[in-house]
Asks: 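Below you'll find the structure I mean.
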Amino acid sequence: MLGKSLKIQQPKDILDFFAFLAFFMSGFYLSINENIIFSQYLIHALLIPLYAFYLKKISVHFFTIKLLLCVFLFSVFYMLFSQGFYFDFILRFILLVHVFVIVSFVFTGETVLTVFNKYLNVCFFVSIISLLSTLLFFFAGINVSEYFSGITYKEYGKILGGAALSAEPAFFATCLMPAALYSIITLFEKGVIKLKNLLIILSFLLTTSSLAFLSVFIIFMITVINQIRSKPYIIPIVLPIIGFVAVLLFNTDFFQLRFNDSISLIKNFDLSTSEGINISTYALAVNSSITANFSLDNFGLGKGFGLYFTVFDEYVRSYDIPNYRDTLPGRGSATSLLLRVTVELGIFATLYLVYFIFHNFIYGRIIGNLHLTYINWALFCSLIAIYLRMGEYFINLVPFFFVLYVATFEESKRDE
């Protein structure tokens, strides 16, 4: 049964465990002669020959081949069109292939449920590490993250917005997201929660990342709509609860700060104060403006895969930077997958992303395995949140989420 601890019975289970774990370790890196080597890529590079020796083959999903081919051809076309070729594109494309090779090894010989169960086990392991560090900070005031230069964190009094092994809380939240949302769905839909799932949810929320709360809101709306559709008599019970939670949230200082900043930016796009500004909201607004201006100037064509930073450097000079910041976030990520893809691969690629997420959603279909449905829902909500607020390609398990999302849809068709 999904959610049951998976016993390690063969070498591939061990390899898969470390393959998943490496995605969580974006906060660790080696510095050699001023060159940074991230632990994820180093661990994965060591795992590839071990996978090849044990498996003797690799099952590459057709979606992976199609995606890599399109990214390469679109990028080459855009660079030829603009009469400029960037070495950075080659490096980033090699990293993309590298990550998808690892994902393909993980999927080789496995079903969606077995792969997701292995992923859940790693989430549980890392969640324990995160919760222990949170408890240590709460009771003893010791912040373990301070001893690692590659890890950032957030402090709210005695609450530590931890990143565990990741570079920052948002990265950790992204890695945990489908696991946490799956746990929330099973709680609402089946009324059952296990200790493993509960600890994953708790660790996910304690990242204090806005990305985490955004995804929880999305999954909450889907589960409520599904419950109301199947059990309309619960409407008088559900609506007052939603109203109470909304009022409670709106009256917190944390929410008010973000809400007021967001409204101010929407009304006049003005950065008028030097402190207290919600930098994540402002960064999203700036990167959205950069994307719109570039798309208009470039007729909706892209710049090339991995080259958002070149556009950012060119356009960001037109925007103010708060006095307490040296730079604005988003140079390497655009703070949104939709924005980054729009600049790098063009308007048509962005339209495909929107089509992709709805085409592979199995909400309206009845299949024999509800776990498969719930995994699909969790991935759907996770990808929406990533589309809006996370523009990283190689870390945070994002490539794995894309392949798993397609696999759930395809496997559901066989179960009908």
Asks: If we ignore hydrogens and angles and just use 3.5 Å, is the side chain of Ser333 paired with the main-chain N or O of Thr335 as donor and acceptor?
Replies: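 Pair found, side chain donor or acceptor close to backbone of Thr335.
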Asks: If you define the side chain from C-beta out and look only at heavy atoms, does anything of Ile43 sit under 4.5 Å from Met25?
Replies: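 Yes, their side chains come closer than 4.5 Å.
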Asks: Between Phe116 and His371, is the ring centroid distance below 6.0 Å?
Replies: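 No, ring centres 6.0 Å or more apart.
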Asks: Can any side-chain N or O of Asn287 pair as donor or acceptor with the backbone N or O of Pro329 at less than 3.5 Å?
Replies: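 Answer holds: yes.
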Asks: Tyr374: which residues meet the ring pair (Phe, Tyr, Trp, His ring centres under 6.0 Å) condition with it, sequence neighbours left out?
Replies: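 Checked Tyr374 against ring pair (Phe, Tyr, Trp, His ring centres under 6.0 Å); matches are Trp377.
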Asks: According to the salt bridge (charged side-chain N to carboxylate O under 4.0 Å, His left out) rule, which pairs have a member within residues 170-188, sequence neighbours left out?
Replies: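 Qualifying pairs: none.
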Asks: Can any side-chain N or O of Gln40 pair as donor or acceptor with the backbone N or O of Phe394 at less than 3.5 Å?
Replies: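 A pair under 3.5 Å: yes.
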Asks: Could you tell me whether Phe217 atom CZ has more than 12 heavy atoms of other residues or ligands within 6.0 Å of it?
Replies: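 Not buried by this count: 12 neighbours or fewer within 6.0 Å.
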Asks: Under 3.5 Å, which donor-acceptor pairs link side chains of residues 65-77 to any protein atom two or more places apart or in another chain?
Replies:
from	atom 1	to	atom 2	distance (Å)
Ser75	OG	Val71	O	2.7
Ser75	OG	Phe305	N	2.9

Asks: Would you say the ring centers of Phe409 and His359 fall short of 6.0 Å from each other?
Replies: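 They qualify: ring centres under 6.0 Å apart.
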Asks: Here's a test for you: under side-chain hydrogen bond (donor to acceptor under 3.5 Å, both in side chains), which of Asp297, Thr291, Asn293 qualifies with Tyr315?
Replies: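 Of the listed options, the one satisfying the test is Asp297.
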Asks: Sequence neighbours excluded, which residues qualify as ring pair (Phe, Tyr, Trp, His ring centres under 6.0 Å) partners of Phe138?
Replies: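 Partners of Phe138 by the ring pair (Phe, Tyr, Trp, His ring centres under 6.0 Å) criterion come out as none, since no residue qualifies.
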Asks: Tell me every residue that passes side chain to side chain contact (heavy atoms under 4.5 Å, CB included) with Ala179, counting only those two or more places apart in sequence or in another chain.
Replies: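 Ala179 satisfies side chain to side chain contact (heavy atoms under 4.5 Å, CB included) with Tyr119, Leu120, Cys123, Ile200 once adjacent residues are dropped.
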Asks: For Ser130, check side chain to side chain contact (heavy atoms under 4.5 Å, CB included) against everything at least two apart and list the hits.
Replies: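 With sequence neighbours excluded, Ser130 shows a side chain to side chain contact (heavy atoms under 4.5 Å, CB included) to Thr134, Ala164, Phe172, Ser203, given in chain and number order.
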Asks: Quick one: side chain to side chain contact (heavy atoms under 4.5 Å, CB included) partners of Tyr29, sequence neighbours excluded?
Replies: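 Side chain to side chain contact (heavy atoms under 4.5 Å, CB included) check on Tyr29 returns Ile36, Phe38, Ser149.
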Asks: Enumerate the residue pairs fulfilling side-chain hydrogen bond (donor to acceptor under 3.5 Å, both in side chains) with a member in residues 391-402, sequence neighbours excluded, ordered by first and then second residue.
Replies: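 Applying side-chain hydrogen bond (donor to acceptor under 3.5 Å, both in side chains) to every pair that reaches into residues 391-402, excluding sequence neighbours, yields Glu344-Tyr393.
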Asks: Is Asn376 reaching over with its side chain to a backbone N or O of Asn360, donor-acceptor style, under 3.5 angstrom?
Replies: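 The answer is yes, because a donor-acceptor pair under 3.5 Å joins these two groups.
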Asks: Is the closest side-chain heavy-atom distance between Leu206 and Leu131 below 4.5 Å?
Replies: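 When only atoms from C-beta onward are counted, Leu131 and Leu206 do touch, with a gap below 4.5 Å.
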Asks: What residues, two or more places apart in sequence or in another chain, satisfy salt bridge (Lys or Arg N to Asp or Glu O under 4.0 Å) together with Asp326?
Replies: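 Residues passing salt bridge (Lys or Arg N to Asp or Glu O under 4.0 Å) with Asp326: none at all.
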Asks: When the ring centroid of Phe356 is compared with that of Phe63, is the distance short of 6.0 Å?
Replies: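 Here the rings of Phe63 and Phe356 have centres that are less than 6.0 Å from each other.
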Asks: Could you work out, with side chain to side chain contact (heavy atoms under 4.5 Å, CB included) as the rule, every residue matching Ile357, not counting sequence neighbours?
Replies: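 Counting only residues at least two positions away or on another chain, Ile357 forms a side chain to side chain contact (heavy atoms under 4.5 Å, CB included) with Phe380, Leu383, Ile384, Tyr387, Tyr405.
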Asks: Restricting to non-hydrogen atoms, name the atom on Thr208 and the atom on Gly161 that form the minimum distance, rounded to 0.1 Å.
Replies: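 For Thr208 and Gly161, the tightest heavy-atom pair comes out as OG1-CA, 3.6 Å.
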Asks: Taking everything shown except Lys57 itself, do over 12 heavy atoms lie less than 6.0 Å from its NZ?
Replies: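 At most 12 heavy atoms, drawn from other residues, nucleotides or ligands, come within 6.0 Å of this atom.
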Asks: Do side-chain atoms of Thr152 reach the backbone of Ala167 as a donor and acceptor pair under 3.5 angstrom?
Replies: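 Pair found, side chain donor or acceptor close to backbone of Ala167.
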Asks: Tell me whether the count of non-hydrogen atoms from other residues, nucleotides or ligands lying under 6.0 Å of CZ in Phe309 goes above 12.
Replies: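 Above 12, so yes.
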Asks: Can you find a side-chain donor-acceptor pair between Lys196 and Asn121 that sits under 3.5 Å?
Replies: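 Lys196 vs Asn121: donor-acceptor pair found between side chains.
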Asks: The criterion is ring pair (Phe, Tyr, Trp, His ring centres under 6.0 Å); which residues satisfy it with Phe24, sequence neighbours excluded?
Replies: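 With neighbours one apart ignored, the set is empty.
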Asks: What side-chain donor-acceptor pairs closer than 3.5 Å can you find for residues 347-354, not counting sequence neighbours?
Replies:
from	atom 1	to	atom 2	distance (Å)
Thr350	OG1	Thr342	N	3.4
Thr350	OG1	Thr342	OG1	2.6
Thr350	OG1	Gly346	O	3.4

